[in-house]
Amino acid sequence: EISRNEDGKYSMIPFFRLIRLNYWKRDINSVPIELHDYCIREKNNGIFAMPSPSIFESEVNIVIVSTCGCAGQLANIKIKNLKTKNKNGYIDDDDNDNDNEEDDDNSSTRVNMNINTTSMKVSPTFDYVFVDEASQSSEAETFIPCSLVKRGHGSSNGNSNGNSNISYGNIILAGDPKQLGPSFRSPANTYNSSSMLDRLLCLPAYNNFDHPNAFTCSNDNDNGNGSGSDDDNGDIKLVMGAYLKRNYRSQHDIIKLSSKRFYNNTLLECGNKQEINSIINKFVLSTESKYNNDVEVGTNDVGNTNKISGKYNNNFNLINTNANNPNAITTSSLFIATASKHGHTAGSPSFYNIGEINEIIDILILLMEDSNIIPRVTTSHIGIICAFRAQTLLLRKRLRLKVYEKYGFGNINVGSPSDYQGQEKRIIFISCVLSSRPRMLNDITNSYGLLSSERKCNVCITRAKALSVVVGNPYLLITDPF
């Protein structure tokens, strides 16, 4: 239940039971300890179990948190039919006693009078079904929880205006269709890879709110104001969605690029100022070259030595500074140019770049040792996104070397763009890996790594709160179509 306080703010009144539903084979150690009290487990063997039918038959409101797949298990639960028959033989809600005799001709709601409907067992249904990150699930996956929504029941009251007492549940899809969509691993899949959210946003019924995806849709009955107000005919148009413009995560410079590229410059910075502005003004321009001569930065798996030219990074260097330095770069979004070559193991389609790994580690040490950053940077604040699996594995291995134990670099989460969908960190590093376009890409529009993949790029550049550092080869990235 939500109530409004005297100051106009909303507050939540806890009057429900919260349940975290888990797959029965899931390891209990993979569940955060603070969620254990909300999980249901078998008493004899400790494995995860389904809620008891008695929970749904009670008057306590239930909130269940689950994945789309696990939600399908709820259909196997059978509870008592909580609906009753009125004197005409219709199935109504217990609190809906509609005795209108005009309903006698409505055969669509009539039931067999010989069936005792109150003794029937039915699956539980819900007044509201929320699907978070709906753009990441396939339409088939989204249908699983949606099938549990309360279907219309009751009967028409026979009024001439068409009003009825039929009760329906509500489905709310929340997600960003400008970020990663559903992923299919089977090569046999020929199904349309778009999500239900993508498809709905392209329908006329959903183009009367200002989501960027709705701009390309057309509706002959829409006057284009997208406000849900009365149109020229006096008909009230129902607004079927909402576009969330307030960004509570990132600093303005981090938001700016994605807002311009993907969201028509509509995003607003609304994050905690102390947190999102905690690392700006920490870097200065330098005319000194970081490497005066060609230097080795590592040897790849096939024995070839990577070298960085003395021309590398000769216009930019990271130096500890303070906010009063006139040469400080007042930004929280940085690009570090590298000239190191990518490599790959023979027979592997994945790539790595040792030079980028070294550059990331250098900046990590700088951030960890900087006492001017408040609060101090810890490994829990840092996330690293790699464009390729080989780079992810190699970087994890490097960070766990004994020489970096004092910094605790082994605790830093290193993953792919899909691993970070929906996640956030105070500091994010993005390793682009490639130094040239692989020969396997015969078409410049092919998506590989972060190349020509707008959705992956959007995920990467929007994960950081206070500092986003992109490490890559500018001569390659500038050739990308987007």
Quick one: [atom1] on [X] to [atom2] on [Y], what's the gap to the nearest 0.5 Å?
| X | Y | atom1 | atom2 | answer |
| --- | --- | --- | --- | --- |
| Arg17 | Ile62 | CZ | CD1 | 6.5 Å |
| Asn264 | Lys260 | CG | NZ | 12.5 Å |
| Ile427 | Ile382 | CD1 | CD1 | 5.0 Å |
| Arg261 | Cys457 | CZ | SG | 8.5 Å |
| Phe429 | Cys460 | CZ | SG | 14.0 Å |
| Leu334 | Asp253 | CG | CG | 9.5 Å |

Sequence neighbours excluded - side-chain hydrogen bond (donor to acceptor under 3.5 Å, both in side chains) pairs with any residue from residues 386-395: Gln391-Ser431

Any pair counted as side-chain hydrogen bond (donor to acceptor under 3.5 Å, both in side chains), so long as it reaches residues 30-52, sequence neighbours left out: Arg26-Ser30, Ser52-Ser54

Can you find a heavy atom in the side chain of [X] that is under 4.5 Å from one in the side chain of [Y]?
| X | Y | value |
| --- | --- | --- |
| Val469 | Phe335 | no |
| Val31 | Cys39 | yes |
| Phe126 | Ile64 | yes |
| Ile40 | Ile55 | yes |
| Leu477 | Cys432 | yes |
| Met50 | Asn76 | no |
| Asn473 | His342 | no |
| Val131 | Val129 | yes |

For the side chain of [X] and the backbone of [Y], is there at least one donor-acceptor N/O pair under 3.5 Å apart?
| X | Y | answer |
| --- | --- | --- |
| Glu141 | Ser138 | yes |
| Thr379 | Asn411 | no |
| Asn353 | Ser340 | yes |
| Glu356 | Val433 | yes |
| Lys425 | Ser380 | yes |
| Thr462 | Asn458 | yes |
| Arg199 | Ser195 | no |
| Thr125 | Lys150 | no |
| Asn22 | Arg20 | yes |
| His381 | Arg426 | no |

Side chain to side chain contact (heavy atoms under 4.5 Å, CB included) between Ile461 and Ile430, worked out: CA-CA 8 Å; Ile461 64 178; Ile430 304 169; 4.2 Å; yes

Is any side-chain N of the basic residue among [X] and [Y] closer than 4.0 Å to the acidic one's carboxylate O?
| X | Y | value |
| --- | --- | --- |
| Glu424 | Arg249 | yes |
| Lys256 | Glu269 | no |
| Arg455 | Asp198 | yes |

Is a donor from one side chain sitting under 3.5 angstrom from an acceptor on the other, for [X] and [Y]?
| X | Y | answer |
| --- | --- | --- |
| Thr67 | Tyr23 | no |
| Ser416 | Ser418 | yes |
| Thr142 | Ser137 | yes |
| Tyr263 | Asn247 | no |

Would you name the heavy atoms of [X] and [Y] that are closest together and state the gap between them?
| X | Y | result |
| --- | --- | --- |
| Leu21 | Pro51 | CD1-CD, 3.9 Å |
| Thr266 | Lys245 | O-CB, 3.7 Å |
| Pro177 | Leu201 | CG-CD1, 3.5 Å |
| Ala464 | Ser250 | O-OG, 2.6 Å |
| Pro417 | Cys386 | CD-O, 3.4 Å |
| Ala75 | Ser123 | O-OG, 2.8 Å |

Stepwise side-chain hydrogen bond (donor to acceptor under 3.5 Å, both in side chains) test for Thr345 and Tyr352: CA-CA 9 Å; Thr345 305; Tyr352 58 85; 5.1 Å; no

Non-neighbouring partners of Phe409 that pass ring-ring contact (aromatic ring centres under 6.0 Å, His included), sequence neighbours left out: Tyr404, Tyr407

Candidate pair Ile280 and Asn277, rule side chain to side chain contact (heavy atoms under 4.5 Å, CB included), full reasoning: CA-CA 6 Å; Ile280 62 174; Asn277 293 328; 4.2 Å; yes

Trace of the side chain to side chain contact (heavy atoms under 4.5 Å, CB included) decision for Ile428 with Tyr420: CA-CA 10 Å; Ile428 286 289; Tyr420 272 91; 4.0 Å; yes

Ile19 and Val65: CA distance, side-chain angles, deciding distance, side chain to side chain contact (heavy atoms under 4.5 Å, CB included) verdict: CA-CA 6 Å; Ile19 298 175; Val65 180; over 6 Å; no

